[in-house]
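Everything below concerns the one structure shown next.
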Amino acid sequence: VRSNRDLRDFSMPLLTTVDGLTLEGNLVLTSFNLSALTNNGGILSSSSNNALTDFSLASLRTTGEVIIQFNNVLSSINFPLLTSIGGSLTITRNGSPGPSVALASCLVVSGTQDVVGSITSVAC
């Protein structure tokens with residue numbers, strides 16, 4: 001879902017599996033609903049969504065890679081059931097003071113971990 005200047009809400013509540021997910025350049029996107037998403041076989045990416053305050057995937061258990069960056073007003077990131085990232089975890093440059101980040105306690109990251117900037121808390 002890229003460069004939709006008028007998209008305010010994105011909802012696919014029954015979607016369970018994807019081979020990559022990108023939310024990028026959606027200037028007025030304030031919310032999305034992917035509540036049933038449990039598996040992402042590729043890259044999970046969110047960048048330059050200037051109105052998005054919350055990035056939450058409550059059912060996600062596995063993903064290939066996570067990149068969340070340049071979301072200016074993002075205040076929270078929540079992956080409570082995520083147990084496996086097959087690649088890197090990157091959370092950078094998401095405004096100030098930066099988002100609180102909540103991850104599952106049993107998360108295994110196979111690649112590098114680059115969580116920099118103004119992160120207010122990480123709950124593991």
Side-chain angles (χ1 to χ4, degrees):
V1 181
R2 293 184 182 191
S3 302
N4 293 285
R5 65 181 185 168
D6 298 321
L7 182 66
R8 294 187 185 283
D9 182 47
F10 173 69
S11 184
M12 297 183 80
L14 301 179
L15 184 67
T16 59
T17 302
V18 295
D19 286 326
L21 174 65
T22 299
L23 296 174
E24 179 180 322
N26 301 293
L27 301 180
V28 296
L29 181 69
T30 57
S31 66
F32 66 91
N33 177 4
L34 296 167
S35 57
L37 185 63
T38 57
N39 181 43
N40 174 32
I43 296 173
L44 171 63
S45 175
S46 173
S47 67
S48 302
N49 297 295
N50 294 337
L52 188 64
T53 59
D54 177 56
F55 193 97
S56 181
L57 292 172
S59 298
L60 187 66
R61 294 182 183 274
T62 62
T63 187
E65 185 167 347
V66 176
I67 303 169
I68 301 174
Q69 59 188 3
F70 305 115
N71 299 288
N72 296 335
V73 296
L74 191 63
S75 60
S76 67
I77 298 169
N78 188 26
F79 301 122
L81 299 179
L82 185 61
T83 57
S84 175
I85 298 176
S88 299
L89 169 63
T90 304
I91 300 173
T92 60
R93 297 180 286 281
N94 287 296
S96 181
S100 64
V101 180
L103 302 170
S105 60
C106 54
L107 177 64
V108 174
V109 179
S110 297
T112 61
Q113 299 172 43
D114 185 14
V115 181
V116 297
S118 300
I119 304 299
T120 56
S121 68
V122 177
C124 292

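Just so you know, residue 1 is the first one in the sequence shown, and it goes up from there. Note that the structure is predicted; figures quoted are calculated from it, not measured.
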| task | I would like to know whether S76 and D54 meet side-chain hydrogen bond (donor to acceptor under 3.5 Å, both in side chains); could you show each step before the answer? | result | CA-CA 5 Å; S76 67; D54 177 56; 2.5 Å; yes
| query | Looking only at side chains, do S88 and T112 share a donor and an acceptor under 3.5 Å apart? | reply | yes
| request: Any chance you could measure N26, atom CG, to S46, atom OG, to the nearest 0.5 Å? | output: 8.5 Å
| query | Do T63 and L57 come within less than 4.5 Å of each other through their side chains, counting heavy atoms only? | reply | no
| task | Group every Ile, Leu, Val, Met, Phe, Trp and Tyr by side-chain heavy-atom contacts under 4.5 Å, then state whether M12 and V18 land in the same group. | result | yes
| field | T16 backbone acceptor or donor facing T38 side chain under 3.5 Å | value | yes
| remark: The reported gap from OG in S35 to CG in L14 (rounded to nearest 0.5 angstrom) is 7.5 Å
| query | Does the side chain of L89 reach to within under 4.5 Å of the side chain of F79, using non-hydrogen atoms? | reply | no
| task | Tell me whether V66 is reachable from L107 by hopping between hydrophobic residues (I, L, V, M, F, W, Y) whose side-chain heavy atoms are closer than 4.5 Å. | result | yes
| What's the spacing between D9 CG and T30 OG1 if we round to 0.5 Å? | 6.5 Å
| message | Could you walk me through whether T62 and N39 satisfy the side-chain hydrogen bond (donor to acceptor under 3.5 Å, both in side chains) test, starting with their C-alpha distance in whole Å, then the side-chain angles of each, then the deciding distance to 0.1 Å, before giving a yes or no? | response | CA-CA 5 Å; T62 62; N39 181 43; 2.4 Å; yes
| query | Looking at CG of N71 and CG of N94, how far apart are the two atoms once the value is rounded to the nearest 0.5 Å? | reply | 5.0 Å
| field | Distance, nearest 0.5 Å, that separates CG of N4 from CG of L29 | value | 9.0 Å
| message | I need the minimum non-hydrogen distance between S110 and G86, along with the two atoms involved. | response | CB-O, 3.4 Å
| task | Return yes when atom CG of L81 has more than 12 non-hydrogen atoms of other residues, nucleotides or ligands closer than 6.0 Å, and no otherwise. | result | yes
| What's the shortest heavy-atom distance between P80 and A58, and which atoms? | CG-O, 3.7 Å
| note | Rounded to the nearest 0.5 angstrom, the OG1-CG distance for T53 and L74 is 7.5 Å
| field | In one Ile/Leu/Val/Met/Phe/Trp/Tyr side-chain cluster, 4.5 Å: L27, L23 | value | no
| Honestly curious: do V28 and F32 fall in one hydrophobic cluster under the side-chain, below-4.5 Å linking rule? | no
| task | Would you check if L37 and L21 make a side-chain contact, meaning some heavy-atom pair closer than 4.5 Å? | result | yes
| said: Testing the basics here: between N33 and P13, what is the closest heavy-atom pair and its distance to 0.1 Å? | reply: ND2-CB, 3.7 Å
| field | Verify same cluster id: L82, V101 (apolar side-chain graph, 4.5 Å) | value | yes
